[in-house]
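Some notes on the structure that comes next.
Start at 1 with the first residue, then count along the sequence. Just so we're clear, the structure is a prediction, and the values are computed from it rather than from any experiment.
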Amino acid sequence: MRNTALACFLILLPCSLCAQDKKGDWKALYGLRSGEKIELVETGMKKRVGTFATVTDEAIQMREGSSDIGIPKENVARVTVLDKSHRGRNALILSVAGAGAGAAITAAASRCSSSTGSFNLCGIGRGAEVAMGALVGLVGGAGVGAAIPSHPTIYRAGPANSNTPH
């Protein structure tokens with residue numbers, strides 16, 4: 001049991017470190033290339049989709065349809081890159097993790113007893129039970145991975161500071 005906990009920790013640690021990206025850094029927008037398709041959400045929740053043009057310390061320029069627009073930094077709530085999709089990668093990673101988890105859970109839970117419950121798999125053998133658990137985990141993980149939002153958000157404004165006491 002202790003080895004299982006250690007294995008889970010070693011698998012989840014890199015995932016949690018990756019999740020700590022600094023999306024509140026305006027300088028991340030300097031990594032965009034001119035012409036990349038982006039979605040920009042303003043602080044008033046107005047959504048704009050277009051191609052990135054340029055960025056300065058004060059504003060971001062983009063082309064929306066046939067017009068060039070500039071949005072001041074203080075009006076930008078979020079910028080997401082639409083060109084890069086990670087659905088396939090997410091589905092693959094989570095299907096492998098789901099298969100492993102399904103196999104492990106089934107192996108730990110498959111103890112044959114003399115019970116005659118409605119869901120008794122003792123007759124098919126432990127290896128087949130574990131394989132079925134892995135298959136269920138594989139399919140479930142692939143579905144969850146494909147459903148995870150796939151476009152990376154490269155900038156998200158921090159919460160607005162309130163001057164009112166709580």
Side-chain angles (χ1 to χ4, degrees), residues 2-106 132-166:
R2 202 166 70 200
N3 289 340
T4 305
L6 178 63
C8 288
F9 174 76
L10 292 175
I11 290 170
L12 295 176
L13 181 65
C15 295
S16 65
L17 292 175
C18 291
Q20 295 179 5
D21 286 339
K22 295 190 176 194
K23 293 188 180 12
D25 190 8
W26 183 259
K27 290 183 172 79
L29 297 174
Y30 287 100
L32 288 174
R33 292 182 316 274
S34 181
E36 279 189 276
K37 189 170 182 183
I38 62 170
E39 175 186 78
L40 185 141
V41 178
E42 294 185 45
T43 53
M45 294 301 122
K46 181 175 182 181
K47 191 181 292 188
R48 297 179 178 272
V49 176
T51 56
F52 173 76
T54 186
V55 64
T56 65
D57 288 338
E58 295 82 29
I60 184 170
Q61 301 283 327
M62 65 183 289
R63 184 165 192 80
E64 186 179 37
S66 61
S67 60
D68 290 328
I69 56 171
I71 297 132
K73 177 181 177 179
E74 60 270 4
N75 292 348
V76 177
R78 185 180 73 221
V79 178
T80 303
V81 179
L82 298 179
D83 289 343
K84 302 172 187 171
S85 178
H86 298 293
R87 286 193 191 274
R89 181 201 64 186
N90 293 346
L92 179 67
I93 291 170
L94 288 178
S95 65
V96 170
I105 291 168
T106 306
M132 284 177 30
L135 181 64
V136 169
L138 179 102
V139 171
V144 169
I148 291 175
S150 65
H151 298 294
T153 297
I154 59 168
Y155 174 76
R156 184 181 309 268
N161 292 334
S162 174
N163 292 334
T164 59
H166 296 292

Next item on the list: Quick one: pull up OG1 in T51 and CD1 in I38 and give me the separation to the nearest 0.5 Å.
Entry: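 One gets 7.5 Å once the value is rounded to the nearest 0.5 Å.
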Using the side-chain contact (heavy atoms from CB on, under 4.5 Å) criterion, which residues pair with [X]? Sequence neighbours excluded.
X	value
A103	V130, A134
E64	R48, I69
V136	none
L29	W26, L32, V55, I60, V79, I154, Y155

Checklist line | Set of salt bridge (Lys or Arg N to Asp or Glu O under 4.0 Å) partners for K47, sequence neighbours left out | finding: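 Expected list: E39.
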Heavy-atom pair with the smallest gap, counting every atom of [X] and [Y]:
X	Y	answer
G50	M62	N-CE, 3.4 Å
A157	V76	CB-O, 3.5 Å
G145	L94	CA-CD1, 3.5 Å
P72	A59	CA-CB, 3.9 Å

Next item on the list: Mind running side-chain contact (heavy atoms from CB on, under 4.5 Å) on K37 and V49 for me, showing each step along the way?
Entry: CA-CA 7 Å; K37 189 170 182 183; V49 176; 3.7 Å; yes
Next item on the list: Please name the residue in the list T54, D57, T56 that meets the side chain to side chain donor-acceptor pair (under 3.5 Å) test with Y30.
Entry: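 Of all the options given, the one that passes is D57.
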Notebook entry, point to check: Quick one: side chain to side chain donor-acceptor pair (under 3.5 Å) partners of D68, sequence neighbours excluded?
Noted result: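 Per chain and number, D68 pairs via side chain to side chain donor-acceptor pair (under 3.5 Å) with R63.
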Next item on the list: Dump the intermediate steps for side-chain contact (heavy atoms from CB on, under 4.5 Å) on T106 and M132, then the final yes or no.
Entry: CA-CA 8 Å; T106 306; M132 284 177 30; over 6 Å; no
Next item on the list: Go through R78 and R156 one step at a time and tell me if the side-chain contact (heavy atoms from CB on, under 4.5 Å) criterion holds.
Entry: CA-CA 4 Å; R78 185 180 73 221; R156 184 181 309 268; 3.7 Å; yes
